[in-house]
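Heavy atoms only: backbone and side chains are in, while hydrogens, waters and symmetry mates are out. Residue numbers start from 1 in every chain, and the chains themselves are labelled A, B, ... in the order their sequence lines are given, proteins ahead of strands.
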Protein chains: 2
Amino acid sequence: MWSRPAKAPRQTLTLDRIVAEAVALLDEEGVGRLTMRRLAERLDTGSTTLYWHVKTKDDVLDLALDAVFHEVPLPGREAGWRAAARDLMSGWRAALLRHPWSATMLDRPLMGPNALERTEFLYETLAGAGFPAPKTAAYSLANYVMGSVIMQVTWQQRDPGGTGAFLRERADLYPSLAEHGLDFPGGRTGWDTTFTEGLAFLLDGMEQAEQAHRTGPG
Amino acid sequence: MWSRPAKAPRQTLTLDRIVAEAVALLDEEGVGRLTMRRLAERLDTGSTTLYWHVKTKDDVLDLALDAVFHEVPLPGREAGWRAAARDLMSGWRAALLRHPWSATMLDRPLMGPNALERTEFLYETLAGAGFPAPKTAAYSLANYVMGSVIMQVTWQQRDPGGTGAFLRERADLYPSLAEHGLDFPGGRTGWDTTFTEGLAFLLDGMEQAEQAHRTGPG
DNA sequence: ACCTCCACTCGATCGTCGTTCTACAACTAG
DNA sequence: CTAGTTGTAGAACGACGATCGAGTGGAGGT
């Protein structure tokens with residue numbers, strides 16, 4: 001009819017749009033509020049429509065998580081394996097922290113193309129450096145990063161801030177904690193330097209083992 | 001009346017019974033199937049009754065998680081800080097692996113009495129060993145353990161076993177992964193030794209720093 | 001110009017969940 | 001025996017993930 005409401009020009013929904021909007025929604029409201037209905041609403045469609053592009057909600061989460069890994073830059077290898085590993089892990093951490101919800105989702109297989117590409121890079125780097133067991137080295141580094149991010153996100157956003165007081169009240173039970181511990185944000189860069197120092201421990205140990213392996217059986 | 005149906009002797013529901021049953025349910029069916037209704041059913045009561053003893057479902061999960069930490073033995077300190085830290089971390093890991101659902105729940109503040117007691121022990125041990133920043137050392141160790149458990153549980157139970165084949169099919173994209181990697185279970189003790197070796201990296205680095213600090217500024 | 005087909009959309013609906021409200025039963029103290 | 005406290009439970013609410021079947025638009029063939 002003459003005054004037909006110009007029916008929206010049917011810009012077909014794509015998987016990319018769904019994933020991008022899911023990431024945005026997660027960034028803004030957190031993992032607890034990601035709902036198929038809410039996600040659909042933001043995309044101006046019905047919730048059931050999403051199921052044409054995606055099998056389950058878990059698919060959306062898997063895709064969103066892998067999208068985060070896409071933000072992790074692959075460092076150069078000129079500066080040696082240690083610098084490459086350090087930079088990759090720092091970038092990995094930074095990307096996860098930029099999307100705190102992702103920390104909660106690290107308990108699923110990281111099998112997306114972006115995650116695999118980064119893991120492959122890490123293995124290549126370590127194997128190329130002559131590590132006898134790149135598996136162990138990569139495993140240690142990845143574990144450390146995952147644990148760090150989870151811990152930081154946990155304390156930063158799930159802690160009502162009362163932890164310090166909570167522990168100080170119980171200083172008789174937990175003297176060491178009350179003295180040295182758990183007031184993490186502390187300095188502005190507290191988290192970052194603590195992460196870097198811990199990573200240095202790990203890299204030092206790895207370097208030591210690598211040198212021993214190079215000079216030992218040679 | 002003589003033949004009164006012996007109306008169940010009203011053994012009042014206690015918080016301990018709830019937590020114990022929650023742990024059992026989680027062990028048997030996993031975190032996805034823990035429901036207030038199912039939990040209540042196992043306790044022969046109504047779901048709403050649980051809310052008398054507990055404020056939300058999250059409380060149940062927090063309590064169940066802390067119950068896991070109760071299984072972590074506190075090692076002796078005679079053998080030095082390194083042995084104590086190693087043993088505490090191994091016990092920590094073992095307890096979490098015994099209840100794989102707990103790995104998924106490490107993204108919440110570990111503020112239960114059992115968790116705090118273990119953390120306090122770790123801080124005490126490291127501070128007593130003269131570490132300049134026990135916070136960094138404890139943080140590194142805890143992060144490593146958390147990451148390790150999460151990764152192992154993820155691959156062991158959420159992976160349909162097709163990962164090896166999946167990666168081998170894509171050996172052109174991920175050559176290093178296909179060669180050295182990700183076929184973790186490998187030997188029977190693959191996970192354990194990989195964990196121990198990685199932990200040794202970390203402890204080596206820490207030991208090195210501790211010695212440098214002792215001889216350096218002295 | 002017509003028809004067909006298929007990628008795509010959506011309203012209604014199912015079963016389940018966490019949680020609240022309110023009424024009720026059992027035990028305890030006086 | 002009664003009053004109050006402690007504990008229990010049914011019904012119900014709103015929201016969720018997911019399925020089903022009926023629809024809609026546009027591209028391609030004829």
Side-chain angles (χ1 to χ4, degrees), chain A residues 1-26 28-65 101 104-105 107-108 158, chain B residues 1 3-26 28-65 101 104-105 107-108 158 160:
Chain A
M1 293 300 191
W2 45 93
S3 70
R4 193 164 303 160
K7 247 193 167 183
R10 171 116 161 151
Q11 51 168 347
T12 52
L13 194 55
T14 68
L15 194 57
D16 286 339
R17 279 187 58 219
I18 294 179
V19 175
E21 198 64 42
V23 170
L25 175 52
L26 286 164
E28 293 171 25
E29 314 198 26
V31 67
R33 319 235 342 175
L34 174 63
T35 290
M36 295 305 267
R37 289 181 232 258
R38 291 172 72 81
L39 180 55
E41 197 180 355
R42 287 175 67 123
L43 289 164
D44 258 329
T45 180
S47 69
T48 63
T49 303
L50 299 176
Y51 285 95
W52 175 260
H53 303 268
V54 145
K55 194 155 184 353
T56 82
K57 181 186 177 183
D58 251 30
D59 286 7
V60 178
L61 295 177
D62 282 337
L63 289 166
L65 183 57
W101 47 270
T104 319
M105 295 172 42
D107 62 331
R108 47 183 76 215
R158 299 190 61 148
Chain B
M1 304 292 195
S3 69
R4 192 166 304 160
K7 244 195 168 184
R10 171 111 161 157
Q11 49 169 346
T12 53
L13 193 54
T14 69
L15 194 57
D16 286 339
R17 277 187 58 218
I18 294 179
V19 174
E21 199 64 43
V23 170
L25 176 51
L26 287 164
E28 292 171 25
E29 312 199 27
V31 68
R33 317 224 3 172
L34 174 63
T35 291
M36 295 305 267
R37 289 181 231 261
R38 291 171 73 82
L39 179 55
E41 198 180 356
R42 287 176 67 125
L43 289 163
D44 258 327
T45 181
S47 69
T48 64
T49 302
L50 299 176
Y51 285 92
W52 175 260
H53 304 268
V54 145
K55 193 155 185 355
T56 82
K57 180 185 178 183
D58 251 31
D59 286 6
V60 178
L61 295 177
D62 282 337
L63 290 166
L65 183 56
W101 47 269
T104 319
M105 296 174 38
D107 62 331
R108 48 183 76 213
R158 299 189 60 146

*Minimal non-hydrogen separation, B/Trp101 against B/Val23, with atom names*: CZ2-CG1, 4.1 Å
*Close residues, residues 40-56 of chain B, relative to DNA chain C [heavy-atom separation under 4.0 Å]*: B/Thr48, B/Tyr51, B/Thr56
_Taking atom CD as the centre, does B/Glu41 end up with more than 12 heavy-atom neighbours from other residues, nucleotides or ligands that are less than 6.0 angstrom away?_
no
_As a test of understanding, state which of A/Thr56, A/Val54, A/Val60 forms a side chain to side chain contact (heavy atoms under 4.5 Å, CB included) with A/Asp58._
A/Thr56
Protein-nucleotides 14-17 of chain C N/O pairs closer than 3.5 Å?
from   : atom 1 : to      : atom 2 : distance (Å)
C/dC17 : OP1    : B/Thr35 : OG1    : 3.1

*Quick one: A/Ile18 CD1 to C/dT9 C1', roughly how many Å, whole number?*
12 Å
*What are the two closest non-hydrogen atoms of B/His53 and B/Leu15, and how far apart are they?*
O-CD1, 3.6 Å
_Rounded distance (Å) that lies between atom P of D/dG26 and atom CG of A/Leu13_ = 16 Å
*Provide the closest heavy-atom pair for A/Ser47 versus A/Met36 in the form atom of the first, atom of the second, distance.*
CB-O, 3.9 Å
*Taking the side chain from B/Thr35 and the backbone from B/Arg37, do they hold a donor-acceptor pair closer than 3.5 Å?*
no
_Using every non-hydrogen atom in the two residues, find where A/Met105 and A/Leu61 come nearest and quote the distance to one decimal._
CE-O, 3.2 Å
_Would you compute the distance between atom CG of B/Leu39 and atom CG of B/Leu26 and round it to the nearest 0.5 angstrom?_
8.5 Å
